[in-house]
Structures are given as C-alpha cells and as structure tokens.
Number of protein chains: 2
Amino acid sequence: MAGWKTRRAWLRRMADNIPAGLDTPLAVAKYETAAFFTNGQKADVRLDRELKDSYEITQTANGYAVRGGETGVLYGAYALLRACAAGEAIPSGLQKPYYDLRMINCWDSMDGTVERGYAGRSMWFEGSRFDYDPARIRQLGRMLGSVGINVFCINNVNVRQPAQHLLDDLLPDAAVFAALLRPFGVRLMLSIDFSQPMQNGLPTADPLDERVQAWWADTAKRVWAAIPDLAGFLVKADSEHRPGPNTYGRTHAEGANMLARAIAPFGGKLVWRAFVYNCMQDWRDQTTDRPRAAYDLYKPLDGTFDSNVILQVKHGPYDFQVREPLSPLLLGMEKTPMAIEFQLAQEYTGHQIDLYYMGGLWRETFDQMGKERVAAIAAVSNLGRDENWTGHPFAAANLFAYGLFAWNPDSDPEAALRQWAKLTYTLPEDQNGRLVDMLLQSRSVYENYTATLGLCWMVQPNGHYGPSPYGYEFQAWGTYNRADRNAVGIDRTINGTGYVEQYPEPLRSLYADPQTCPDNLLLFFHRLPYGFVMKDGRTLIQRIYDDHFLGYDQAKAMADALAGLDLPSPDREEAARRMEAQLQNAREWRDVTNTFFHRLSGAEDEKGRKIYD
Amino acid sequence: MAGWKTRRAWLRRMADNIPAGLDTPLAVAKYETAAFFTNGQKADVRLDRELKDSYEITQTANGYAVRGGETGVLYGAYALLRACAAGEAIPSGLQKPYYDLRMINCWDSMDGTVERGYAGRSMWFEGSRFDYDPARIRQLGRMLGSVGINVFCINNVNVRQPAQHLLDDLLPDAAVFAALLRPFGVRLMLSIDFSQPMQNGLPTADPLDERVQAWWADTAKRVWAAIPDLAGFLVKADSEHRPGPNTYGRTHAEGANMLARAIAPFGGKLVWRAFVYNCMQDWRDQTTDRPRAAYDLYKPLDGTFDSNVILQVKHGPYDFQVREPLSPLLLGMEKTPMAIEFQLAQEYTGHQIDLYYMGGLWRETFDQMGKERVAAIAAVSNLGRDENWTGHPFAAANLFAYGLFAWNPDSDPEAALRQWAKLTYTLPEDQNGRLVDMLLQSRSVYENYTATLGLCWMVQPNGHYGPSPYGYEFQAWGTYNRADRNAVGIDRTINGTGYVEQYPEPLRSLYADPQTCPDNLLLFFHRLPYGFVMKDGRTLIQRIYDDHFLGYDQAKAMADALAGLDLPSPDREEAARRMEAQLQNAREWRDVTNTFFHRLSGAEDEKGRKIYD
C-alpha cells in the first residue's frame, strides 16, 4: 500500500506529500507554493472570493502573486507550480475554466472491483465498505485539483447492492470521504439507482408517483445535510438491464425531472446518462441500428428537461470505440444542457497496456463540435489501487491532459503531454521530446492495427482486449461488421439504416458519400466491396492489409523509442513489460484481422507479405 | 433444501428415504427390499462373500432370493427392484460387473461452485468446507449404488486451495463423508495436486526426489488410516497450467509411478488423466495438432507404468465434443490399464438445457473399441444442489444409464432409457414410448444443429453454450475449423497433420479417404471445398445448410412431443421451460452457422430457405 507514496505521477516535482489538516483550497495553495519554492522565491497567494474558480498570476519582485477565488487560488497555485516545474511561461491574465463541471466518473463497485478498471482494485471500496488510506485519498484529491478536476463520482453507474446504502447507512462514511477531497476543490457526486425507493419499502419507483417524489425529496434532504456541497447525482437508467422510467411508461424527461426537483433546493445537478439502446437486439434485424438510439430517444425530448438536469452523452454514438464519428445528439440538442463523456479507462483502447494518448481525440472532438455545444465534461476514471495510480505509468498522461482540456477545451494535445512529461520525469530534452512524440502517435498506431477505416467491435467479447473479428457479430448488442466474401461494413445512409440523416449539414452530405467520407470512418458509414478504390488509389482490402502491417511496424518502432528512454525504475521496467505485451497484441491484431479478411475476400496482398491461412 | 426429498429421480418407486444407521450394503439391501414389496411377496437377501460385486437372483415360493457378495447383495437387490418396478424380467444367472471400477468424477470446488456444473452449486462443498445435509448424501449414495457406481471422486481435478487440505486438515471431514456413502458400496476417491509437497514445506515436487517420495508415502499412510477403503487418487498433471512431472523434466510414467508406489500398500489406484496438450498453441501453426497430443505423449510410455496406475483417457482425442472419433490412444496402448472417460455434465452438449441422451455414444464407442480395451470407466458428474439433482429432470437418464453401461458395456441404450423412464414416471405406455423415442433421438438432433460433419468447437468461448463459428478460431487452444471462402476443415491425413496415422487399420484407411470416411467425421479428418460432392450426391455446403434446418425442425418436433406428455409437476414445467430455451438455442445455431457459411461460400440454399445476410 505504501508504494504509492513514491509514485506520485505528475506531482513528482512538488512536495512529497500533503499533511492532514489543510482544510481549504487556500490552505493547500499556500502549503504547496511554500513547499515548492526553495530558491528564495515566494508566491503570495491571496483570496478574492468574487473570482470563484478563476485566478490571475502576476510576477512580483521576489516571485509571484496568485489572486484567485475560493478554488481559484488552488488552480492558480497549481498552474504556477506546473509552469515553473516544466520550465514554461506563466499563464498571463485572468484564467477562467470554460466548463464549471469538470467531472470524473469512477466505476468502482463496493466489492472492491473496478468495472473496466486496469489499475488494480478500487482505491476506496473493498468488502462492501469504504476501505482506504486517508493519506492516499488526499494525494488523489491533490492530483485531481492540480489539473482542475472538481467533481468526483465515486461509485459505479451500475449501482448494485450495497452501494444503495451510500444514501443511508454509508452516508456518514461518504461524508468523511468527501471531506478528504474538499480542500482540493473536488466535490463528491454519487451514482444512484432509479429503483431505490422500491428497496426502501415503496411498491413502485414511478417518477409520477407522489410517494416516490416525496421519498427522493426526503432522501435528498438527508444526503445534502450530510454532504452540503455534493455536486449531484449521476444516473444510468433503462440501459443494459438497469431500471428506469420506461419501466413505468414514463419518459426520460419525466424520470430525470423528478430527481432534479428533489435535489434542486440544494443546488444539486442531476446528470442523466444518454447511454440507452436496445441491448437485446437480433443480429438478423438489419433495420435497428444502435448508433441511432440516443438521438432517436432524446431529440424529441429536447426542451422538456428541468434546468438542473445535465444530459451526459458519450462522444460517439456507440461506446468509446477506437474510431467513431461525433454523436449526432451532441449536435442536435438545442435547449438541453449536455455534458460530453469520454473514457480515460482504456476499455477498448488497450487496457492501459497498449499506449493510447487521448489528447488528439479531444482536440478533434471540440474542433468538430464546438466547445459551446456542451455545458460540462465528464470522463470515466482510469485510476486504481496500483502503486502508480493508472496501471501503465504513461496512462496518467490521459488523466492529466483531461484536466487541462476540461479547464480549457482549446488546449493543445502536444503541449499538455509535454507538460505532463516534464512534471513526471527528468529526462534530457531530446528524450522528453521522443516520449512526447511516441505518445502523440500512439492513438493512430493503435487505430492502425485494431480499427482501420472505422471498423469497430472486432474485439474479444467481454474483456475487449485483443482481436475477435466475429466475436460480437452474432450477439445481441447491435455491434456488427457484416463482413462476407464480397463486402464489409454497414450502410448507414438513407439507403441503409438512415443513421447519417441524424447529422446536420454539411456533415450529413460529407458522410453520406463514400467519395467524401473520411477514410477513417468509411466502413462505419458504408458497406463497400473489397475492391472499392480509395481516394489514394488503393483498394479497400489492400488498405486493410497495409494499415495492419503498418500498425505493427509502428508499434515496434515505439518499442525501440521506449528502450532509448532513461526512465526511472520501476516505471522503466513496467513500461517495458507492457510494451512487450502491446507488441504481442499488435501482432495478434495484425495477423488475425488480415487472415480474417483474406479468408473472406481471397484477395492477395499486393506486396506479398505473410498473411496466414 | 428439502425439496430434493420429493425429487428422487429414478428412485421414485422405491422407499421415500433411507434411514440413518444402515451401515452395510447388506443392511441397505434388506431395508430396500423389505420396503419395496408391500404385496405379500418378500425377498430373501443372503450374503456370500465369495461373490464380491456379483449376485444371483432366483424366484422363490413367495418372492425372490438374492444371493450376493458384500456389495453384490446391494446390486442384486437394486436390480430386482428396478426390474419389478419397471415391469421387466428379472436378470437370470450370475450377474457380474464387467468393470471393477465404475467411477464418477465430480468437478466440485470448495468454494461451492461446480466446474462445468449445470445443476446448481456443489452438494457437499460451500465456503471452503464441507456443507451438506447427511440425509441427502445418503440419498445420493443410494442413487449411485442403485445403478452400480462404486467410486466417487468428490473434488475438482483442478485442485485449488483449500482442496489440498482434504489430505490433512479436512481429512476427518472427508472420512465422515466417505462413511455416508460406504453402505451403498460407493468408495471415495480424491483428486490431488501434484505440487502439493511444495505447499507443505518441500522445495520441490520432483517425483524422483526422495523427500517427495517420502512425503507422499507418509501422506498416503495418513489418508488411508482415515479412509481405509479410499479407492485412490485422481491426478490432472501438466495440463492446462496444472503442475506435473514435466516441470522437473520427468516423464508422466515417473510422476504416476511415484504416486502409485505411495498408495500401493493400501490397495489404492492411481488414476492419471491423459488430458495433456499444448494449451498455448499458435493458431498460425498448422503442424501442431491437438488431437495428436495424447497418443504422441503416452504411446511411447506404454509398458512403463506400475500395475496400480490407470491411465484415464477421454473417449475422443479433443474434449467431449459433440462428435469426435474414438481416441487412438484407446486403441494403441497395449500394456497399460486404461479407464475411458465420458462427460455426463453437458459442457458441450447443451448445459442440461438442451436434451442430449448419451446412451448412443457409449454403444458406438464400445462397439468400435471393444470393451476389453479398457480396464475401468469414468464419467464426469452431472449432479448438483438443484432439487431435481441434475438441472434438467431428464438429464438424470444419463447418470442412470451410465451406471448400467459401466456394469455392462453391452447394454442397450434404449432398454436403459426405458427402465429409467419407468422408474422415474408413471406415464401411460404410449407416452412412455414417446419419451424414450424423444430422448433416443436427442443426440442426433443436437448434432444436426450444432456439429454436423464433425465440425466442432464452433461454440461460444468460455461458456460453451450457443454458436460462435470463429469464437475459438484464433485462440491458443488448438481448436480450429479454418473455414475460408473456398473450403473448411483440417486435413488430418498424411498430407496434413498426419493424425489419422495414429489409428490401426482398418480405421486408418477408412478415415484417410474422404470417399470412405463417415459423413459425421468428414470435416474432422478432411479439408474440403464447399462444392465437394457427398456420398448422397449433395454438396458439402448444401449438407451443412440441410442439417441445420433439419436440426431446428427436429427440435420443434421434440417440443411438440414433450408437450404431449403428462409429466408430474414440477418436472413438466421445468422440462417445458428448458425446451423453450433449447428451441431458441437451436434457432441461433441454425441461423448463425448457416449465415457464417453463406457469407464465406456465397452458395445459395438449393431449397430457397431463409439464410440471413
């Protein structure tokens, strides 16, 4: 348990630890700055409540002045320390976060497991109760606060017993936990179970039932009495066998609004996940199309949600696949506050074994969508009890950069990465550059060997690591590639499922035509024969082969680059060990996928490379 | 827990229960016969120790006389009662079991789960200890004894902690359990962990190390002191990540003999499973062929095993697939006593949801092999804590018939089934016949929709229920169909992996030629194009389509037949519920497999039936 103390991710250049007893962001800011400047410089941290989350840093004769609001002082202090430690320019002028809610969703279950967790067991749940080292939770709060994350939902959106008791028996423990994070500007959020009234004696959880409404109002009162700054409730309803308002013939607006009204008096936000689809689909049915589901369900409800409801929408229409188009719901809702949801946990992107830096995804997403389309931002946590916090030491870069993007969606992926690397290691400048370059390209490399042309879901069922081209093909999850001997992909144009019609122009026309559709989404939107000629003159099948060979070769090059970095132990050995596994995985993906399409198409590789039979 | 008392499987027409305190087979035989004959008849049961397992039944003025050995009296009594209850002729002349060891292997783990169990949790393990109702274990012993099963291995061959303690801390509990079964002629057997000496302080488990030998000798002494009639040890070594002699560069003969010598002084048998293969195979490698593994490993060791070693060989070279040829090892070993192993647990044969009566498999196996090729017989249990013992009430027919075949491998599958049905239900004669007919054809129906032409392993990974044509295709288990757009199957002739060379003539030539190879093994031995013309003039692909359509239609006919049976509750509802699931499964198998081969081959169904895209 104690090993984490020496593995402080990007806080490596700051104070070893944070003492107990610092009970406000101001106190933390003062402590951190005092501990940081050992060269005679000093930072003068001043509270200006008006500024709230914002801050301004100015230079003084012997150091810096940080002026900020109640949490702004903290963000200012950390921004200053990050810049100084990384040798970068101090941010000038008033700094203000773009999103008020910068959320992390933890899928930690009370049995101690983390759903889709790749960094060990839960840091705070074990054996159906809270179980943690308070010093580590303070360190966690410090990590989060240092990059501006301010909402932390601690329990799995799939709320299973006894997590329901976070609202009653376990509420005092939750309040103690909340107090540990509060000095770092981090507010707790709780995932709730829509059917919970029925587990507390009511015969129904119908949102229009007055007893249900009264039960939630009463519960909210108790909960906020215990945790006055609780950020809100997070709800996964009517999805993947979770209960929800549909059970009672009610709309999601009726369900969400009922909860929103219960918590409104306390300033709580009701975050409602839009991840709802038919998870009992029949693969024989070619008309039902899972990517259509969220838009079809929620677009007609636009304008009917209460003002403290936030609809949390995954960035793509499926489920965190390596390559998806932007969810059309994010472009379609006009009157409903939305949060965009990303997944730091590398469920489909390499399990924190394979390298996969997500900054590029966020850059592309905000560039395409426009940051103003959403009111908040959320990401599924990649944290766990592992000593190095995130399983792969480099996976911490995603959490770090996520904080920067949540604060400022105009952030630059490379700059974020560079700062993370500087704060995390003390590599020579050229090596630091190589580390940054390696991670910057990691996403494209992973895409090349796992999901070229927008092919997705060709993963091992359940685990989602490694290839299985038909693994999800005949299942009930709506996840098909429909590859046969002639063609592959799903026609989502007006001639097919019509999904593309959910997009506004010009995207609609762009995607609808295989001649204009971006290559990396070609098979997401179109069903094409293997002989289809791509923009660069290659056939579709040749492109599939090429990308898989390329992806593996690129992974090998990354392994070489990694070997040339003088990382400290044990990060060096840990990263090397995982890279070996990544190479094995990349080889499997290359060979299995190429063999699969070779078996189907019969097409030979033009370059005569080895494709197994 | 008490529900089982009214669900006594085929003992339904005998006494309700067996009282505690009957401590010998003779006492049980006397009690059972006295309780059975309520019409003034009586059975005179007499012990003749010379007869051991054997018995003779004669008619007397007012009933019957049963003369038998210590266990023979029990078998005689039950044979008499079974015949009388079923309205059949009494066996005449001296009756003697063909195999001395008629074994059941239970894969019960001490955490209460049953590996590949489909009838609920373990009947005797829970929470890392023994946990059972003694009355139910007596009833279990009675079921086993009533069909002549005489060895019962109670713990999983994958021996995980704390099952190692069955040899020390838990030994007294095992002895108590053994005592419950002893009056029914059933002797306990224990699965052991080859590496156990290392868990008890030794630095090695090398079978040639004298300390290891001494440890096992000492352990055997203690174990047999506690359970003097323990039948022996069962060992899975060097298989699927289990430890074994190969770890120390020793042969399996050296490993087995070391253990055999430790237990020989006590009359124990060392049952050594021959289920050893490379479970980390590379799918790219077309020369390694898993079905070759057992023969390649064990044939060279023939003649080197001690006389109290029994090599336990699965009936087929793979792993209880729906259709496999006879294991060539069973035909190849000349000097080594072998047990043939079957699997009553329906791992690959429908999970005790789908109907699958195994009598036909046993008949075919013994007819082809010759019963004298093996010295003993074993089967993996299909029992569990479910009230009806076997999950599906009809699955009990497999356990019942197994006992009859173990006693007499010349048994008739239909006669065994008929007796089971008569003992289990009181259906009118025509309905009894329909039940028997339905179960008799169940195996062929299941084969039609899941595994025609010897195709195997096209199951969902891990669970092994339902179709996934490529689910095991790119895995490490050596389980491939290598289907592509032109052909399917593996060439196991001399031109391919050479597996067929492990068979003696005339089988070798029969299997080697696709013109003479039985249809049901065609794709097991050969790789053939979809246009290959079968003996009946149909193409291979048409036969695949036809069998899958036929299998589903046959399953529907079975459902109709089932609906016409006046079974008692709750068997009626339970069987109906499972039949509904079977139909769903059969439909999935039909459509997924047909679609898979249609996508690959592009061939249309000649009869124009619906094949989904």
Side-chain angles (χ1 to χ4, degrees), chain A residues 280-287 458-477 480-491 496 527 529-530 541 548 584-585 587-604 610-613, chain B residues 280-287 458-477 480-491 496 527 529-530 541 548 584-585 587-604 610-613:
Chain A
M280 294 297 284
Q281 196 179 322
D282 190 329
W283 60 270
R284 301 167 188 81
D285 166 17
Q286 301 220 13
T287 58
M458 295 177 80
V459 292
Q460 299 261 4
N462 310 313
H464 302 165
Y465 187 80
S468 182
Y470 265 174
Y472 271 114
E473 190 62 14
F474 302 105
Q475 303 293 315
W477 302 96
Y480 315 115
N481 54 58
R482 303 203 187 275
D484 67 17
R485 73 202 312 265
N486 301 311
V488 56
I490 294 180
D491 184 354
R527 178 170 184 78
Y530 295 112
I541 185 71
H548 284 86
Q584 187 58 37
N585 189 39
R587 178 167 174 261
E588 282 304 300
W589 272 100
R590 178 195 69 186
D591 289 343
V592 169
T593 315
N594 282 347
T595 294
F596 175 76
F597 283 111
H598 181 257
R599 285 188 183 184
L600 282 166
S601 70
E604 298 307 325
K610 179 69 182 172
I611 296 179
Y612 294 86
D613 286 334
Chain B
M280 294 298 284
Q281 197 179 323
D282 190 329
W283 60 270
R284 300 165 188 81
D285 167 17
Q286 301 221 13
T287 57
M458 294 175 82
V459 291
Q460 300 260 4
N462 309 315
H464 303 164
Y465 187 80
S468 183
Y470 265 173
Y472 272 114
E473 190 62 12
F474 303 104
Q475 304 293 317
W477 302 97
Y480 315 115
N481 54 59
R482 303 202 188 275
D484 67 18
R485 74 203 311 264
N486 302 311
V488 54
I490 294 180
D491 183 353
R527 178 169 183 79
Y530 294 113
I541 186 68
H548 284 86
Q584 188 58 37
N585 189 40
R587 177 168 174 263
E588 283 304 299
W589 272 100
R590 178 195 68 186
D591 289 343
V592 169
T593 315
N594 283 346
T595 294
F596 174 76
F597 282 111
H598 181 256
R599 286 187 183 185
L600 283 166
S601 71
E604 298 307 325
K610 179 69 182 169
I611 296 179
Y612 296 86
D613 286 333

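Lettering follows sequence order; numbering is per chain, from 1. For the numbers below, each heavy atom of this structure counts, side chains included, while hydrogens, waters and symmetry mates do not.
- For B:E588, the parts lying under 4.5 angstrom from a heavy atom of chain A are both the backbone and the side chain.
- For residues 589-596 of chain A, the interface with chain B (any heavy-atom pair closer than 4.5 Å) comprises A:D591, A:V592, A:T595, A:F596, sorted by residue number.
- Rounding to the nearest 0.5 Å gives a distance of 8.5 Å between CZ of A:F474 and OG of B:S468.
- Ring geometry for B:Y470 against A:Y470 counts as tilted: the plane angle lies between 30° and 60°, on a 0 to 90° scale.
- The structure places CG of B:L600 at 5.0 Å from CG of A:L600, a figure rounded to the nearest 0.5 Å.
- Within the 4.5 angstrom heavy-atom criterion, only side-chain atoms of B:P469, from C-beta onward, approach chain A.
- When each of A:P467, A:S601, A:P461, A:G471 is scored by its heavy-atom pairs under 4.5 Å with chain B, the top score falls to A:S601.
- Every residue two or more places apart in sequence or in another chain that forms a salt bridge (Lys or Arg N to Asp or Glu O under 4.0 Å) with B:D282 is listed here: A:R587, B:R284.
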